[in-house]
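Throughout, numbering of the chain's residues begins at 1 and tracks the sequence.
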Amino acid sequence: QVQLVESGGGSVRAGAFLDPSCEASGRPASAGSWAWFRRAQGKGREFVAAIRWSGSNTYYTDSVKGRFTISRDNAKNTVYLQMNSLKPEDTAVYYCAAKAGLNLSFLQGYDHWGQGTQVTVSS
C-alpha cells in the first residue's frame with residue numbers, strides 16, 4: 001500500500017513559480033509510475049505530468065510542456081512538480097497519484113491518490 005501527501009501549493013501572480021511536492025509512505029517502490037493531475041473548479045480531472053519511479057522517462061500534457069518539470073528523489077520518497085511561468089488557467093487543486101503500471105502515456109490505472117493541494121494564479 002502507498003500513502004501520498006501533497007504540500008507546497010499556494011496563491012501567486014501570473015508568471016510566478018511554485019514547486020509542490022508529494023511525499024510517499026508505505027511501499028512507494030511498488031508503484032512504477034507517478035503522476036500529477038489537477039482539477040479546476042467546475043471541470044473534470046486533467047492529467048498534468050508523469051514519471052517512472054526508476055529511470056528518466058517523463059510525460060507531459062501539451063499545455064504545460066516547457067513550463068512544468070516533474071522529478072523525483074527516491075531517497076526522500078518524494079515527487080516534485082516545478083511549475084514556472086504560471087498562468088491563471090493553471091489554477092486548480094493538484095493531486096499526486098501512483099500506479100503499478102509503467103506506461104506513462106496510459107492515463108488510467110492510478111489507484112493511489114493524495115488529498116490535493118490548491119494552486120491559485122491571479123492575473
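- Residues L81 and V48 are in side-chain contact: their nearest non-hydrogen atoms beyond the backbone lie under 4.5 Å apart.
- In terms of heavy-atom proximity, H112 sits nearest to L4 at O-CD1, 3.5 Å.
- Distance check, rounded to the nearest 0.5 Å: CG of N84 to OG1 of T69 gives 6.5 Å.
- Rounding to the nearest 0.5 angstrom, the gap separating the CZ atom in R52 from the CG atom in N57 is 4.5 Å.
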- [ ] For T120 and Q118, run side-chain hydrogen bond (donor to acceptor under 3.5 Å, both in side chains): C-alpha distance rounded to whole Å, both residues' side-chain angles, the deciding distance at 0.1 Å, then the answer.
- [x] CA-CA 6 Å; T120 303; Q118 177 70 46; 3.3 Å; yes
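- A donor-acceptor contact shorter than 3.5 Å links the side chain of E6 to the backbone of Q115.
- With M83 as the partner, the side chain to side chain contact (heavy atoms under 4.5 Å, CB included) test is satisfied by one option alone out of D19, D90, V119: V119.
- Proximity of W34 to C96: side-chain heavy atoms (C-beta onward) are separated by under 4.5 Å at one or more points.
- Side chain of K87 to backbone of G15: no donor-acceptor contact under 3.5 angstrom is found.
- Put simply, the side chain of F106 reaches to within 4.5 Å of the side chain of Q108, judged on heavy atoms.
- The aromatic rings of Y94 and F68 sit tilted relative to each other, their planes meeting at an angle between 30° and 60°.
- Both V93 and L107 are assigned to one and the same hydrophobic cluster, defined by single-linkage of ILVMFWY side chains at heavy-atom distances under 4.5 Å.
- Heavy atoms from other residues, nucleotides or ligands lying under 6.0 Å from CD of Q41 number 12 at most.
- The aromatic rings of F47 and Y59 lie tilted to each other, with the angle between the two planes from 30° to 60°.
- In this structure, the side chains of W36 and C22 come closer than 4.5 Å at one or more pairs of heavy atoms.
- In terms of hydrophobic clustering, with Ile, Leu, Val, Met, Phe, Trp and Tyr side chains grouped at heavy-atom distances under 4.5 Å, Y60 and V79 are assigned to a common cluster.
- Summarising the geometry of V2 relative to A24, their closest heavy-atom pair is CG1-CB, 4.4 Å, with the distance given to 0.1 Å.
- In terms of modelled atom types and a separation under 3.5 Å, the side chain of S33 and the main chain of G101 share a donor-acceptor contact.
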TODO: Just do the side-chain contact (heavy atoms from CB on, under 4.5 Å) check on L86 and F17 with the steps written out, would you?
DONE: CA-CA 6 Å; L86 282 162; F17 166 85; 5.8 Å; no
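- Between the side chains of S71 and D73, no donor-acceptor pair is found at a separation under 3.5 Å.
- Salt bridge K65/D62: present, at least one basic N to carboxylate O contact under 4.0 Å.
- Heavy atoms only, all atoms of each residue included: A40 and T91 are closest at CB-O, 3.6 Å.
- Expressed to the nearest 0.5 Å, how far OG of S85 lies from CZ of R67 amounts to 7.0 Å.
- The same ILVMFWY cluster, assembled from side-chain heavy atoms under 4.5 Å apart, contains both L104 and W113.
- A side-chain donor-acceptor contact under 3.5 Å links N74 to the backbone of W53.
- Side-chain atoms of T117 come within 3.5 Å of backbone N or O of G9 as a donor-acceptor pair.
- A donor-acceptor pair shorter than 3.5 Å can be found between the side chains of Q3 and S25.
- A 4.5 Å side-chain heavy-atom check between F37 and E46 finds every atom pair outside the cut-off.
- In plain terms, the two heavy atoms of P88 and S123 that are nearest each other are CG-CB, 3.9 Å.
- Closest of all the heavy-atom pairs between A92 and R38 is CB-CB, 3.8 Å.
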